[in-house]
Amino acid sequence: MRREACGSLRGKDVGRKVTLAGWVHRLRDLGGLTFVDLRDESGIVQLVFRELPDAHGLSREDVIRIQGTVALREAPNPDLPTGEVEVEVEHLEILSQTQPLPFPVDEEPPRASEETRLRYRYLDLRRPRMQRNLRLRHRTTMAIRAYLDRQDFIEVETPMLTRSTPEGARDFLVPSRLEPGKFYALPQSPQLFKQILVCSGVERYFQIVRCFRDEDLRADRQPEFTQLDLEMAFLEDPEELFSLIEGLLAHVFRETIEVELEVPFPRLPYEEAISRYGSDKPDLRFGLELSDVTELFSESEMRVLREAVAKGGRVFALRVPGGADFSRKELGELEEVAKTYKAKGLLWLARGEELRGPLAKFLPDPEPLWRATEAQPGDLLLFVADAFELAATALGQVRLELGRKLSLIPEGKWCPLWVVDFPLLEWSEEENRWNARHHPFTSPRADDLPKLMDPSFPSERLGELRANAYDLVLNGVELGGGSIRIHRREVQQRMLEVLGIGPEEAERRFGFFLRALEYGAPPHGGIALGLDRWVMMLAGEESLREVIAFPKTASGACPLTGAPAEVDPRQLAELHLQVKRG
Ligand code: ASP
């Protein structure tokens, strides 16, 4: 269709005859005179209808084509790029008429529920904000591809119908029609394929790829999501990957939102992240660091503290500047946060004119505590005593809550960092065995490898081993993670054994991969970054659904198509399936 872009008209076009097509964004009917804001992808321009042609009967979101002449506007609109001009309509053609709208598409925030927005997603996506987000996502992937191409990476597609790849979630399964009783799994990640690609001589692989994890959905999760997945051969030192990814992030931020990120990003060992910020994804945009005050309480008169320390636990303190006059209610709310993260309680001590709080009478000499925490008169100290990670994490959540409550988190500040030296394994009480903290293909740090390989190394001490794994964290959000991989079969087999996967099961589940390690597997490593989350942050959005064209609801449904849906009994029969109800 021959037409010009609505958003392109300017003062220099005055007097020109134009053909435009688009959606009726807004209508103002002043009797003999009707103003219509016409919208296409490029923007909005004002149309004027004087008696003829007749604009009565037009509705918002009708699709029209007009011919007319560009004129200067009597009252320019400085908020619109086309605000200097309008188009005097001479000819009108209605291309498509709309039904009454379920919600107006020109309101921000939209007046519809999430469910309605998703059901009528084609209307929702017409909103300028959603158009902006789709475009930003496109520019992000374009920038990623351009950067990686320049760094000699190639994009390779890996299968969607495959075998289970353990990333710690439940698989989505697809029944096989040709082999009754057998199933494909949708990939939780392309982990094993990318490692096999590296073994296949693809030294620098990437893929912008869909992954599937059937987890109970939390507010910020989607059952299918997109990842920038990447792997490099001959990677032994993560520093090489860090500088590549730092360059990538800097490039994407510059190209999309014109922000200059400072490189290199700080590196923080896992233990330090936990003990200073109470989180393995610390938000570095504000201070409020925790202090480990365990030593000051090993002989405390207060039983809970003394006992926690005696059991090998720790006492962490958080200084709240000027917080001495917090009300009981405020303290109660903070305690609730700590309890949500499994702390038994939140102790407090206010350094007001006198000492207040449950700890006050157990503190004969507060000076060492003031020194350790740098507490000043007028400050409040909050404490959690428990096992190391639990105590720090609970207080870390209180820290985040205070960051929000006291407005300590500056807008427009970007604080990326690498968290390194994660534990290789974590103990699962439920399953009564070790699990891989990242995934089973992550190598231990070189200095811990002998311990992993030593069958006489006590099993209960395996938690001490560090992984050659790293996470990329941005403003308190885990943007991605990766590791240097195990590239020797015997190490991989031993790792699986430690995870309770014996040789037979290993052969059955991972034989194809173990074999690939036997025919010249180079040292390698990589990372995956969550693309949806990344774009969400670039867009300044709060929900992943705002940056995914067709997302699912929190219960995993697609209101637009009605998926998941029942299927025809014939299809079930072909798949050799029977549904058990109730
Ligand atoms: N496969 C991992 C994940 O999806 C990332 C990686 O180790 O590269 O989280």
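Atom set for the values below is all heavy atoms of this structure, side chains included, hydrogens, waters and symmetry mates excluded. Index from 1, following the sequence. In each ligand, atom 1 is the first atom listed, and ligand 1 is the first ligand listed.
Side-chain atoms of R204 come within 3.5 Å of backbone atoms of Q151 as a donor-acceptor pair (strictly under, hydrogens ignored). Counting only distance, with no hydrogens or angles, the side chain of H576 and the backbone of E574 share a donor-acceptor pair below 3.5 Å. Looking only at distances, no side-chain donor or acceptor of Y184 sits under 3.5 Å from a matching main-chain atom of R163. At least one donor-acceptor pair under 3.5 Å links the side chain of K194 to the backbone N or O of L230.
Near A528, meaning under 4.0 Å from one of its heavy atoms, ligand 1 places the atoms 5 (C), 8 (O). Remark: ligand 1 atoms within the under-4.0 Å shell around heavy atoms of K194 are 6 (C), 8 (O). Close contacts between ligand 1 and Q227 involve ligand atoms 4 (O) [criterion: under 4.0 Å to a heavy atom]. Heavy-atom contacts of S189 reach the following atoms of ligand 1: 1 (N), 4 (O) (cutoff under 4.0 Å). Applying the 4.0 Å criterion to heavy atoms of H438 picks out, from ligand 1, the atoms 6 (C), 7 (O). Which parts of ligand 1 touch I527 is read off a 4.0 Å heavy-atom cut-off, strictly below it: atoms 8 (O).
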Intermediate values then yes/no, side chain to side chain contact (heavy atoms under 4.5 Å, CB included), E271 and D421: CA-CA 8 Å; E271 286 241 357; D421 296 344; over 6 Å; no
E389/E426 under side chain to side chain contact (heavy atoms under 4.5 Å, CB included): CA gap, chis, key distance, verdict: CA-CA 12 Å; E389 264 202 69; E426 63 192 359; over 6 Å; no
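Among the atoms of D229, none of the N or O lies under 3.5 angstrom from an N or O of ligand 1.
Residue contacts with ligand 1, taken as heavy atom pairs separated by less than 4.0 Å, do not involve E478 at all. Contacts of Q195 with ligand 1, taken as heavy-atom pairs under 4.0 Å, are absent altogether.
Using a 4.0 Å cut-off between charged nitrogen and carboxylate oxygen, R170 and E215 do not count as a salt-bridge pair.
Look at Q188 and you'll find every heavy atom at least 4.0 Å from all atoms of ligand 1.
Counting only heavy atoms of the protein, atom 2 (C) of ligand 1 lies nearest to E167 OE2, 3.3 Å. Scanning the protein for heavy atoms near atom 4 (O) of ligand 1, the closest one is R213 NH2, 3.0 Å.
Between the side chains of Q207 and T158, at least one donor-acceptor pair of N or O atoms lies under 3.5 Å.
Sorted by first then second residue, the ring pair (Phe, Tyr, Trp, His ring centres under 6.0 Å) pairs that include residues 112-162, not counting sequence neighbours, are Y147-H251.
Comparing G481, G482, S483 against atom 5 (C) of ligand 1, the shortest heavy-atom distance belongs to G481.
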